[in-house]
J.: 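Provided herewith is a single structure, encoded as structure tokens, for subsequent inquiry.
Start at 1 with the first residue, then count along the sequence.
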Amino acid sequence: MNYLLYEKEFAELKARGVSLDDLTAAEVVELVKAVERMGHPFRESNLEAAGYPTVLSDGTVLHNLTIGATVWLDEYASSWWSSGSKAYFWAMVYALVNGRSREAFCGEMLERTGARRRIVEMAIRIHATEDELLEGIAQAVHRTGDEKRGNEAAPTDTDWGELLRTLELATGIPAEEWVWGRSSDWCVREFSKHCRYMDMAKGVASPRMKGDLARAANALARIRSSIMRRLGKEVS
């Protein structure tokens with residue numbers, strides 16, 4: 001842990017008339033998270049690139065959502081259960097646990113009763129608390145609070161077929177690997193990079209994507225500004 005980063009941030013707040021006693025518990029937690037992110041801005045990208053999953057205290061492994069798991073959630077699970085329900089929550093857990101396995105989404109997983117049975121069978125083997133699961137899900141889908149990590153996450157109406165055809169032709173890597181071997185966000189970023197390269201080759205200008213360092217700095221600036229506004233201090 002780089003304590004110099006914390007000292008620098010606390011000194012910055014103090015210079016603006018804010019002491020640690022002025023902060024709520026939630027603000028302290030968010031500030032610590034933001035400073036840690038500044039200290040390791042590329043951690044999540046590196047973990048995803050290497051394919052490392054999120055491992056809970058009971059050994060449950062949550063992978064980043066793959067295209068295959070994402071499509072199953074969008075086309076099947078979301079038509080059976082509302083997004084805020086417990087049933088959909090456990091469908092999400094199932095998708096994260098089994099996202100790298102095509103076989104886990106075949107057969108009875110394509111009809112509601114069979115899918116519910118398989119999900120329940122998985123759920124009773126998980127001994128992590130609900131809070132641990134929520135934190136694990138947040139890490140696996142790259143969320144900090146309500147903020148989705150990055151600005152190239154896949155929208156719900158993504159044309160996965162076109163994206164996969166383009167990536168397969170551009171890289172020579174089979175579509176199967178893109179569908180089950182990498183996260184959907186990773187695939188979207190690679191597709192976006194390919195499109196930017198093609199635009200550059202055609203002489204079309206394209207905006208530069210923010211890097212992880214810039215996103216980390218923005219996250220820290222947001223929590224700092226939020227604290228200043230709550231306390232009625234001037235935000236510079």
Side-chain angles (χ1 to χ4, degrees), residues 40-56 58-79 88-111 114-115 118-119 121-123 125-126 128 133 135-144 148-198 209-212 215:
H40 306 280
F42 309 111
R43 180 178 185 273
E44 292 300 328
S45 288
N46 291 340
L47 287 172
E48 184 180 1
Y52 285 104
T54 298
V55 182
L56 304 184
D58 68 338
T60 298
V61 176
L62 305 178
H63 297 281
N64 303 126
L65 279 178
T66 58
I67 292 176
T70 298
V71 170
W72 178 79
L73 284 170
D74 291 344
E75 300 297 328
Y76 293 95
S78 64
S79 68
Y88 188 84
F89 168 82
W90 282 107
M92 171 66 79
V93 174
Y94 182 92
L96 293 169
V97 169
N98 298 284
R100 298 299 172 103
S101 170
R102 181 190 186 99
E103 292 72 24
F105 296 90
C106 295
E108 63 181 350
M109 289 304 295
L110 304 183
E111 54 93 12
R118 289 271 291 275
I119 292 170
E121 289 173 354
M122 174 212 66
R125 295 194 299 268
I126 294 178
L133 277 170
E135 179 65 24
I137 291 172
Q139 292 178 25
V141 298
H142 299 302
R143 289 181 186 274
T144 303
K148 181 107 178 190
R149 177 187 176 275
N151 53 8
E152 295 191 46
T156 55
D157 59 350
T158 298
D159 184 346
W160 293 115
E162 178 61 25
L163 180 146
L164 290 168
R165 284 190 292 273
T166 300
L167 287 176
E168 188 171 41
L169 287 172
T171 66
I173 299 172
E176 181 85 1
E177 173 62 23
W178 292 106
V179 173
W180 302 106
R182 289 293 179 190
S183 76
S184 55
D185 282 357
W186 175 273
C187 296
V188 169
R189 287 198 292 274
E190 292 304 299
F191 175 77
S192 297
K193 287 178 186 177
H194 171 73
C195 291
R196 285 197 299 275
Y197 292 150
M198 295 302 292
M209 185 181 72
K210 289 183 179 179
D212 289 306
R215 285 194 287 270

J.: Test of understanding: with side-chain contact (heavy atoms from CB on, under 4.5 Å), list the residues that count as partners of A123, not counting sequence neighbours.
T.: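 Result, side-chain contact (heavy atoms from CB on, under 4.5 Å) vs A123: W90.
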J.: Can you name the nearest heavy-atom pair linking W178 to C187, along with the distance?
T.: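 What the structure gives for the nearest pair is O-SG, 3.3 Å.
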J.: T60 vs V93, test: side chain to side chain contact (heavy atoms under 4.5 Å, CB included). Steps then yes/no.
T.: CA-CA 10 Å; T60 298; V93 174; 5.6 Å; no
J.: Taking all atoms of both residues into account, what is the closest heavy-atom pair of A140 and L62, and its distance?
T.: CB-CB, 4.3 Å
J.: Shortest non-hydrogen contact from G99 to T66?
T.: O-OG1, 2.7 Å
J.: Angle class for the Y94/F105 ring planes (parallel below 30°, perpendicular above 60°, tilted otherwise)?
T.: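 Taking F105 first and then Y94, their aromatic rings stand perpendicular (interplane angle over 60°).
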J.: Distance check, rounded to the nearest 0.5 Å: R100 atom CZ versus L65 atom CG?
T.: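 If I round to the nearest 0.5 Å, the distance is 10.0 Å.
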J.: With distance as the sole test, does W72 use its side chain to make a donor-acceptor pair with the main-chain N or O of M109 at under 3.5 Å?
T.: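 Side chain of W72 to backbone of M109: a pair is present.
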J.: In the structure I gave you, are the side-chain heavy atoms of L56 and L133 within less than 4.5 Å of one another anywhere?
T.: yes
J.: Indicate the atoms forming the closest heavy-atom contact of L164 with A175, along with that distance.
T.: CD2-O, 4.1 Å
J.: Hey, which of E108, E111, E103 is the one that makes salt bridge (charged side-chain N to carboxylate O under 4.0 Å, His left out) with R118?
T.: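 So, applying the salt bridge (charged side-chain N to carboxylate O under 4.0 Å, His left out) to R118 and each of E108, E111, E103, only E108 qualifies.
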J.: So do the side chains of L163 and I67 get within less than 4.5 Å of each other, counting heavy atoms only?
T.: yes
J.: Is there a side-chain contact between V61 and V97 in this structure, where contact means two heavy atoms from C-beta onward sitting under 4.5 Å apart?
T.: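 No, side chains not in contact.
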J.: How would you list, by chain and number, every residue that makes a ring-ring contact (aromatic ring centres under 6.0 Å, His included) with F89, sequence neighbours excluded?
T.: none
J.: Taking all non-hydrogen atoms of both residues into account, name the closest pair between N98 and A104 and its distance.
T.: CB-CB, 3.5 Å
J.: Using the rule given for salt bridge (Lys or Arg N to Asp or Glu O under 4.0 Å), can you reason through R165 versus E162, listing the C-alpha separation, both sets of side-chain angles and the distance that settles it, and then say yes or no?
T.: CA-CA 5 Å; R165 284 190 292 273; E162 178 61 25; 3.2 Å; yes
J.: Of all heavy-atom pairs between D58 and A128, which one has the smallest distance, and what is that distance?
T.: OD2-N, 3.2 Å
